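Worksheet: one structure, shown below.
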Amino acid sequence: MPEALRKFTPIMFLALIVLVAITLLSLTSSITTPIVEKRIQQQVVDQMKGMFPDVVEWNEDDGLYTLFADEGKTDFLGYAFLATGSGYSSSGINILVGLEDAQTVKEIVILSQSETPGIGTRAMEPAFLDQFIGLNINDVNFIKNGGQIDGITGATISSSAIVNAVRDTAMKKVAQLEGAE
Amino acid sequence: MNISVKGNKLALILRRNANNKAIRLPDYGITAASPVETPPLPPNVALPILQQYGEACKAIVKKGDIVLGGQKIADSEDFNATPLHASLSGEVTGMVKIIDPATGRPVDAIVITSDGEDKCIEYKAAANPESISKADMISMVREAGIIGNETDANPAHIRLSPPGKTDAVIINASQCEPYLTTNTRLMSEKPKEMLTGINIINRILSPSIIYIAIDSTRMDITDNLMRYIKHSGADYLKIVLLEQIYPYAAEGNLVNIIFGENTKPGVALFDASTVLAINDAVINSKPFIEKTVTLAGSVSKAANLRVRIGTPISHIIDYCGGIKDAADKIIINGLLSGSTVYDQSFPVTKETNSIILGHNVTSEEGDCIRCGKCIEICPARLSPTLLAAYAKAGRYNECKEAYVDNCFECGACSYICPSNIPILQYLRVAKSELGKKVAM
Amino acid sequence: MNIGSIIVLTLIGIGCGIIIYIAYVKIPHKVKGLDKIEEISGALPGMNCGACGFAGCFAYAQELAKNPDIITQSPCSVAMQNPDAVKCLEKSLCISLDAAAMCKKAVIHCGGNSEVIYDYSGAKSCKAAAQLWGGYKKCPYACLGFGDCAKACPQGGIVIDKEKGIAVIDRTQCTGCGLCAAECPQNLIELMPADTKVAFQCNYEPLKNIPGRGKCESGCIHCRKCFNACEYEAIIWNKLKAVPEFDVEKCTLCGKCIEACPQNTLAFATPVAAKCEAAV
Amino acid sequence: MTMPDVNQPDAPEMRFSVSSGPHRRSRLSARRMMHLTLLALMLPSAAAIYFFGYFALSIIAVSVITALATEYLAKRMRGKPFVMDGSAIVIGLLLALLMPPTIPLWMVAIGAFTAIAIVKEAFGGMGHYIFNPALGGAAFMYACFPAEMTNWIEPMGFSSDKVSTAAPLSEAFAANTDKMAMFLGNTSGTIGETSALLILVAGIALVILKVIDWRIPLSFLTTAFLFSAILGADPVFHLLGGSLMLGAFFLATDWVTSPLTHKGKLIFGFGAGILLVLMRLYGDVPEGIAYSILLMNAFTPLIDRFIKPKPFGFKKVVDNNA
Amino acid sequence: MTSFIKEFSKGIVTSNPIFVLALGLCPALAVSDRLEKAVWMSLGVLFVLLCSNIIISAIRKYVPNIMRIPVFIVIIATFVTIISLVFEAFVPAIFDALGIYLSLIVVNCIILGRAEAFASKNSVKDSIADALGITAGFAVALIIISLIREILGTGGLAWGDTAIFTLPVLGDHPLTVLALNPGAFLVIGLLLALFRWVGVTKNE
Amino acid sequence: MSDLIAIFLGMALINNFILVQFLGLCPFFGVSKKLGNAVSMGLAVTFVMVIASIVTWIITRYVLIPFDVLYMSTVIFILVIASLVQIIEMFIMRTNYALYSAFGIYLALITTNCAVLGVTLINNIQKSYSFPESMAAALGGGIGFTLVLAIMSGIRERLELADTPKSMKGLPVAFMVGMLLALAFSGFGGII
Ligand SMILES: Cc1cc2nc3c(=O)[nH]c(=O)nc-3n(C[C@H](O)[C@H](O)[C@H](O)COP(=O)(O)O)c2cc1C
Ligand SMILES: Cc1cc2nc3c(=O)[nH]c(=O)nc-3n(C[C@H](O)[C@H](O)[C@H](O)COP(=O)(O)O)c2cc1C
Ligand SMILES: Cc1cc2nc3c(=O)[nH]c(=O)nc-3n(C[C@H](O)[C@H](O)[C@H](O)COP(=O)(O)O)c2cc1C
Ligand SMILES: Cc1cc2nc3c(=O)[nH]c(=O)nc-3n(C[C@H](O)[C@H](O)[C@H](O)CO)c2cc1C
Ligand code: SF4
Ligand code: SF4
Ligand code: SF4
Ligand code: SF4
Ligand code: FES
């Protein structure tokens, strides 16, 4: 090997390793990504079905699902969308929100979270989440801020993450709806 | 008392230092009114050849020699060394080793058994003291072998020949410790000699100013001095009144109190008793063989005594009626900064200024509770608790970095510590270990 | 699979490679000879006790790398007791070592029989106590029993005998680091060959005539009886100090000297560490 | 130094004591200071029992007994003598005073155990710990039992009929702030914090007796007062409410965990005051006193390192911290 | 075989990465609040350490000295990414719970340390033993810590959504702090002290 | 702007890397025995964090997102950090040797510091911060890291003189300090 080239062996060696590594990763990811995507999709659908047992067909528009009870998409059931709150833990709280109409919350479901067990997780319990049922999205706020939701002492951060995420995303989605119409 | 101190330009009144860095004790001046007495001669004296400055002295007498009081018995070629004189007449009965309290190691001492006659060599009074030259005066002081008290503890002739210029002289006529009254006694009993002595120092060092530090309670001395100053027009003399709190009269503190801590004038400090000795040496050519000491505490009669150097302590105690109240502690040179001896036959040395009999208080050393009282009180503004902790852990270098050398061993920190930590003792260990390292 | 991303990311990899390469070439690398120093310091105990006289094991290794003779002048006692370390040092320094001779252990020259002459109160530290008249015992060289040495011993090999008020060294634990000897204000502790058989338990210096102070009942009176009693010429009389010294090779452990001593100053040395015997 | 002939050299007729100077000590002792503190704490404790009856009595008993038992065990495990220096009692008592009246007693026991075993003894015990043990124990309990630790009831004394009806207060509290009731102590809160008056009296007594230094309470209280006023809150309410008084006089002043120097103490109080107000006004924690003092405890070694007295004398002081 | 066992057991006791070497502390503290997380994390570490040790010791002769560290890191990072992708696909709840600590296995001092200190100098077989030993040590430590933290901190033990058991009293009022950050420090610190006290490890 | 300040303070105090996020614990226990060393380490980490955040933000924005390969972040970020540390080492050595001798040894430790990789992952992947937000987070995180390291070293310097039980000495008691610091820092919760 010529002297000049020899100098570059280390660099080429690293490049080779990087190349191999990246190829390997691309391969792995091409296997796992569809699984993940499918799962998330499935999860959302499952939860949606739990929320609206009659759902048969839906439209998706930029994360906003419009749900129908028949194949022909005429029997309107409600809306559903994902909201993400940033709680106490650095990974977020993923919430599926169901709306009966453009104003009223049907139900909210926590898809994933990693709040502090025993503290933050109290905001994941029905006692808290059930308060959302049937609320006007404008009332999704703490009582002291003029809404209708009781906070949880000791879990202010987690509970307000949920409340704020649900309200803000809902407002956005509603605006999106109105924009679409 | 027609001269009031307040408002008089000659007097300088100083009160507390910042932050109350001092200890107030009730037993100042118990013997303040006791005139200096002279007890009978002791049967024998032991004169240790201690030598911290200059080359070690060598004995110039041997066993069996007959010596006269005032006769030189040890000397060295070195100017810095201080000669030693027989303090009474008699026979040299031995050269013994005794333990030096400072190092715990043996040193030589010359023992003289008194013949009871107290014959002295002839002291020639100077015919015309004013005409003696500066150099002669210094060598006369050296010949007399004067070593100062605790406050000015090194040979007087060294203090009188400083390398640089002396801006000011401080005469310490106050007391640095509770119980001690020798300085004030001498000041009131021998004002004339004292002033001559001061004059000699003035001529040798020619400072621009001389401060005389006096306890603020001793208005009689102050009035006398004021009168004298007014009369003689000795305007270079100024009086400093000190509160009787410990450790104001310690050398470093005095300098700081008078000049503030941010100036560094050339200062020489002399204890009143040293001034008297200098006066004796120059005017009477009399060597330093007598010392005035206060005996106090658990003794039948507290007194101020003029004793020969080398006199066993037991002799003095017996003269004053013996130990009272089963006192089990003999404290030399002051309750706070003094040391203790374990045997009554310990002799009075040139540095001794008091003997206090007391009781031992054993107190279990606790953990430092970080109260910060030692820091509050340390007049050297050190952090004694930290220093003690470092010293205990053997981290002597950190002691040095925290200025352990600035500690002047007043003991205020150990005094105040609510956890009874012998802080000062730990600092002494650190200092000596550091000293060893330097020596190595 | 996304070919574009693979290419771009590999290019980033190459870029990083170049950066690292340049940085590597430009940064001067470790001082020469470091490998050897590391090898030597690997064989040292790593206690950084400083008993060798250098500032820690690594500093010692640096000096050794420069001048292997240092190991005989100021040996590391701890390393000398570990046969592996000795082998390793011999190899890397290209010298042969007489480990047994260099293997030392501490001995306390005090039997604790000196009378108490005053009641000491104050800091529980030998150094502090020794500052007051050389200690509270009649013998100004006596063990003061506050255990400054024990505190310094990294092995926990020194305990204070509460009855006698002296320090006792457990020679099975002692590694001969000498840290204790440096702490003792009375200079009572000496590092002696590990296989020392007879212990001389007096430190009194032959100073005459210190009134009120003196040696204890079991102090050496310099009578030479032990010297005369030994049939194997294992005792050498140290004229300077006027004390006996023992030749380990010749001593047969007969105990005659111990019997002969009128002062009970001599005793058999306590057992030697197994570790050390292995090295010997 | 001994002389021959005068006495029999080998048989001194009497054994003297020898020690290093100084040969006299002040009468101040750590134990005495601790006992005075204990005495002073009797005032808020009495108020606690007056206002919260059996609740307070049982909390105090459990806390102090657990603290003592833990201290005893810890000392035994370490092979050290157990001395009744009062410190464990003080810690137990202070912890008790920080408890809300309805706290289950086993929780108090856990708090007292943590305070002594982990926050005090694991660090080396008396004089060596870094964080205030009582507050460490309380913070531990806040984190473990947030609901129980913030369950406030109206004072009801020993009257048993009220005990059964004692219910948590509502948010109406904030509006209903009778300053006089807060000053005297007839208000809700932890059992020991309610009577600002008695805490003040006890604290000032300790200051006068030189058991505690005035600098920390003063700077702490002043900073909290001024800073809360600056931020637009009611300063008197903040001064009297919560455990500020108790904290400023008895918790922040713990010698072991506060700075050594005067200047350091002022900084400590200032820092604690700022942190306290921030936490009270904006924080999530129920009461900021434990956290603000614990944080300043953490800063104390740094304060001590940089705020040192400058050695007296003429030597130019070089900064040795560099 | 004996050397294999020796290397293996060394990792668990005498050079336990957590309790003795105090390395790789971040994941040890962060994911030890629940047993489930601890187990999955240990599996992740096992996979990464095993694969990277094998690869590194296999290619150790060819790696240019200059590029040693970068190459090792890239290899480790690759396996870490693979394991995160796999976790994300198959155990999503765990992937979410572990958060970034899964990715941070890359910089876990244990792994790079082993690559540098062991795999780059030893045969494939020994490297496998080393990986197994170190992982076992890591796993044992993590599981002990997580058991304590989960049982006391949540008042019971759970796997996934199913509770294995719940303690009386503590089940209603768990010592929550143990499941939180301060508790992680507390439990590990006390375990360290305990091991020293009973003499498993040496005092400082 | 107030967002940035919130992110900065949040990263420094509330989500402190060491006490809350559990990142960079090895140096927290390893390099916290002396204040000087601790502060040097902290500053070096802060510096590398900021630089790494800049570079990784660019890579994320212009490479990873366009190609939709965010899952490659770990590999690429760590490679970039490793080479960055090298180049910074070289740069400092060339320009300021005094600085190099003070910081040099710490730089080597930084490559394997969780906090550096952690901050890049949090900024770019977890929170998808904008550039200024990334900077605020990196700076805040680094300063919080330095602060806690400094506190810890102050405490440990004092503990060295303390009569800590034998089996608690050193690391175990440092963990206890960690616990109490974490408790104390939890008091910052919600301040922003
Ligand atoms: C270690 C620790 C973990 C915490 N975890 C959460 C959490 O997961 N969710 C939450 O909302 N608050 C959490 N907090 C915040 C505190 O519980 C905080 O006191 C509370 O949010 C304030 O509640 P309050 O204002 O309703 O009393 C945590 C606090 C600490 C100290
Ligand atoms: C000293 C102090 C005392 C408090 N006392 C009460 C109280 O008695 N009742 C109460 O509901 N909240 C009290 N709080 C307020 C709570 O800690 C908390 O802020 C409040 O309960 C929020 O919860 P909520 O919105 O569910 O009521 C107190 C706060 C402090 C600082
Ligand atoms: C010192 C202090 C004591 C307080 N005590 C109470 C109390 O006893 N009850 C109460 O409801 N609020 C109390 N508060 C007020 C609460 O902390 C808070 O301002 C109010 O309850 C609203 O809290 P929230 O925002 O958590 O709902 C107190 C506040 C302070 C500063
Ligand atoms: C004024 C004062 C306040 C004290 N405050 C506390 C305190 O807040 N927490 C504590 O654990 N001990 C406290 N103590 C007790 C004491 O400082 C401590 O228990 C001992 O220093 C050592 O255990 C206090 C003592 C005093 C005198
Ligand atoms: S440290 Fe020294 S100067 Fe300061 S109080 Fe103590 S003995 Fe006096
Ligand atoms: S006075 Fe004593 S207890 Fe107080 S800080 Fe100083 S050494 Fe510690
Ligand atoms: S006794 Fe201890 S300190 Fe002394 S040499 Fe032996 S091991 Fe070292
Ligand atoms: S041998 Fe020395 S250091 Fe050890 S206890 Fe005796 S006097 Fe003290
Ligand atoms: S594992 Fe996080 S810094 Fe070492």
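Keep in mind it's a predicted model, so treat the numbers as computed, not measured. Letters A, B, ... are given to chains in the order of the sequence lines, protein chains preceding strands, and every chain is numbered from 1.
Of the listed residues (F/A174, F/A115, F/G178), the greatest number of heavy-atom pairs within a distance under 4.5 Å of chain E belongs to F/G178. The candidate with the highest count of non-hydrogen atom pairs below 4.5 Å against chain E, out of F/L180, F/L23, F/L25, F/V177, is F/L25. When the candidates E/G189, E/A28, E/P27 are compared by the number of heavy-atom contacts under 4.5 Å with chain F, E/G189 comes out ahead.
If you measure heavy-atom distances from F/F29 to chain E, the contacts under 4.5 Å come from the side chain alone. The contact between F/L121 and chain E is made entirely by side chain atoms (from C-beta outward), counting heavy-atom distances below 4.5 Å. Contacts of F/F77 with chain E are absent, with no heavy-atom separation under 4.5 Å from either backbone or side chain. In this structure, the portion of E/L85 lying under 4.5 Å from any heavy atom of chain F is its side chain and not its backbone. The contact between E/L190 and chain F is made by backbone and side chain atoms together, counting heavy-atom distances below 4.5 Å. Contact of E/S103 with chain F is made through backbone and side chain together, with heavy-atom distances under 4.5 Å.
Expressed to the nearest 0.5 Å, how far CD1 of E/I100 lies from OG1 of F/T120 amounts to 8.5 Å. Atoms CZ and CG, on F/F175 and E/L29 in that order, are 5.5 Å from each other to the nearest 0.5 Å. Here SG of E/C26 is found 10.5 Å from CZ of F/F17. Values are rounded to the nearest 0.5 Å. A distance of 9.0 Å separates CG in E/L192 from CE in F/M168, rounded to the nearest 0.5 Å. Rounding to the nearest 0.5 Å gives a distance of 10.0 Å between CD1 of E/I188 and CG of F/L171.
Annotation: F/W57, atom CH2; neighbour count of heavy atoms from other residues, nucleotides and ligands within 6.0 Å is above 12. Atom CZ of E/F165 has more than 12 heavy atoms from other residues, nucleotides or ligands within 6.0 Å.
Across F/M179 and E/F185, no two heavy atoms sit closer than the pair N-CB, 3.4 Å. Residues E/R196 and F/K169 approach most closely at NH1-O, 2.7 Å, considering heavy atoms. Of all heavy-atom pairs spanning F/L19 and E/N181, the tightest one is O-ND2, 2.9 Å.
F/L183 places a side-chain heavy atom less than 4.5 Å from the side chain of E/V177.
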Test log, rule side-chain contact (heavy atoms from CB on, under 4.5 Å), inputs E/L104 and F/L117 | CA-CA 7 Å; E/L104 287 177; F/L117 184 61; 3.8 Å; yes
